[in-house]
*Asks:* 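The structure follows.
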There are 2 protein chains.
Amino acid sequence: MAGRAARAAHVDVAAPDRETHERLVEEARTLFAADGYHRVTVRQVCAAARANVAAINYHFGGKYGLYREVLDEAIAVMRDTSDGAMAAGAGGSAEQRLRAFIRVFLHRVGESPDSWIRQLMAHEMANPTEALDDVVREVIAPRIAYLASLVAEILGVDVDDERVMRCVVSVQTQFQAAMANPVARRLVPGLTGDAESLDRLAQHIADFSIGGIRAMREVPSD
Amino acid sequence: MAGRAARAAHVDVAAPDRETHERLVEEARTLFAADGYHRVTVRQVCAAARANVAAINYHFGGKYGLYREVLDEAIAVMRDTSDGAMAAGAGGSAEQRLRAFIRVFLHRVGESPDSWIRQLMAHEMANPTEALDDVVREVIAPRIAYLASLVAEILGVDVDDERVMRCVVSVQTQFQAAMANPVARRLVPGLTGDAESLDRLAQHIADFSIGGIRAMREVPSD
DNA sequence: ACAGCCGTCAAACAACTGTTTTATACATTT
DNA sequence: AAATGTATAAAACAGTTGTTTGACGGCTGT
């Protein structure tokens, strides 16, 4: 911890230990994404990174410090993705924007270089660490708010109408499940992650969700 | 292990050790449901049941044996629930049967004495043990098959049409998420588990899902 | 050139995990 | 009454976990 602090203090650029630090983060990305925080051991990561067991504690102050470094990166990418997906279809109708959001989001988060992110997030949501609050605040909540505004516009009601949030949950859960749910993966054979498969999935979720939302117009607001 | 075999062999009724055995199972139900298989330690269960650490190995042959006893009970209840939910609305239209299925299923699985089951299942699906295959085969697969037949009938297409399974996944994931997803629970405040809340939830999932399914009629089968 | 810091390493640490052993009562059977 | 089998108990087992230690070499700056 003291070493880390000193290092961050006056060796900002071109640190001489860049290699091990970076190798640990790299391996941690794939390992944490594959098995989740609790299942991964520091010895696994160090072995994969060809580093000593003590390296993680030295560079990151502990296992959780390393995880946070990886997760914070994921959060940043997710925020970018959300921003891009929210910007998509700007100027169009609420339905068009919802379709664009789903398509852009699924593509971005499912693309190969970032595919570890959706796995990591899936694990974090399935069995959360204490970092879930940050994830919710920084990426989920804004996304939910945006989806809520779209749903409200499609329904032609206020965002506070309780039908809105229920619909948002229904849409949101389809994202999550289609991406990471092991049961869903056993049911849909063509969930391979390639671009065409993602396109079809996005198309379905959009069609199904918009159909579901529209149907709520004829339901009393309770 | 030898003790267990001998005990089961010729001490079927009114076993003298009923108490500890039963106490262990009881505590294991709530603990496994709350934290999942991996997180729960045998010492936790034994402490809660006021039994010795060796009791689990003696009575169940090991931690996994105890878990299987609990999980098998859950599977049995779930099968009953599925059967009941499938029988509900018999004779009615596919839409009516789907609505009945959702309502009965959510009520049964959300009711207080069995509420541990949905938590246990949620954990088993989130991070599976080797028992997930049995769960899928015995409770998920039949449920999926039934839902697929309903969706196909509503859509007026064959069950092999790929739109059918996509819709089933969309419906199925709403079940799961609404019941156990920690993120969803942070979004919908009124997810308390009481009868009225469950009723409204069932109503929403049914409306949303049927609206979504209907919308797929106008989508090419790809 | 020398002190000081930095990154690395093998080794050990303390705290757990599930499981096994050994012993002791109690009940049932022979 | 002796022998057998059953349930519980305390203790120890072997393995794994994340973390800490202390020493060694390389580098930098005054």
*Asks:* Mind checking the CZ-CG spacing from B:Arg166 to A:Leu201? Nearest 0.5 Å is all I need.
*Replies:* 6.0 Å
*Asks:* Between P on C:dA27 and CD on B:Glu19, what's the gap in Å once rounded to a whole number?
*Replies:* 13 Å
*Asks:* Between A:Tyr58 (OH) and C:dC5 (P), how many Å, whole number?
*Replies:* 12 Å
*Asks:* Going from CD on A:Glu27 to CG on A:Leu66, what distance comes out if it is rounded to the nearest 0.5 angstrom?
*Replies:* 11.0 Å
*Asks:* Does any non-hydrogen side-chain atom of B:Phe175 lie less than 4.5 Å from one of B:Arg118?
*Replies:* no
*Asks:* Looking only at side-chain N and O atoms, does B:Ser170 offer a donor or acceptor that is under 3.5 Å from a partner on A:Gln174?
*Replies:* yes
*Asks:* Under 4.0 Å between a side-chain nitrogen and a carboxylate oxygen: does that hold for B:Arg200 and B:Glu196?
*Replies:* yes
*Asks:* Would one find a side-chain N or O of A:His59 under 4.0 angstrom from OP1 or OP2 of C:dT8?
*Replies:* yes
*Asks:* How many angstroms lie between CG in A:Asp35 and OG1 in A:Thr30, if you round to the nearest 0.5 Å?
*Replies:* 9.0 Å
*Asks:* Could you state the CG-P distance from A:Asn57 to C:dA11, rounded to the nearest angstrom?
*Replies:* 18 Å
*Asks:* When we call it a touch if two heavy atoms are under 4.0 Å apart, what does B:Ala55 touch: a base, just sugar-phosphate, or nothing?
*Replies:* nothing
*Asks:* Expressed as a whole number of angstroms, how long is the span from B:Phe32:CZ to C:dG18:C1'?
*Replies:* 12 Å
*Asks:* For DNA chain C, which residues of residues 35-48 of chain B approach it to below 4.0 angstrom with any heavy atom?
*Replies:* B:Val40, B:Thr41, B:Val42, B:Arg43
*Asks:* Check the distance between C:dA10's C1' and A:Ile56's CD1 and give it to me in whole angstrom.
*Replies:* 17 Å
*Asks:* Mind calculating the distance between OH (B:Tyr67) and P (C:dT19) to the nearest angstrom?
*Replies:* 15 Å
*Asks:* What nucleotide among D:dT19, C:dT8, C:dC9 has an atom nearest to a side-chain atom of A:Lys63?
*Replies:* D:dT19
*Asks:* Tell me the closest heavy-atom pair linking B:Gly89 and B:Arg97, and the distance in Å.
*Replies:* O-CG, 2.9 Å
*Asks:* Distance check needed: C:dT19 P versus B:Leu66 CG, whole Å only.
*Replies:* 10 Å
*Asks:* May I ask you to verify if any side-chain N or O of A:Asn52 is less than 4.0 angstrom from the OP1 or OP2 atom of C:dG7?
*Replies:* no
*Asks:* When the distance from CZ of B:Arg23 to P of D:dA7 is rounded to whole Å, what number comes out?
*Replies:* 13 Å
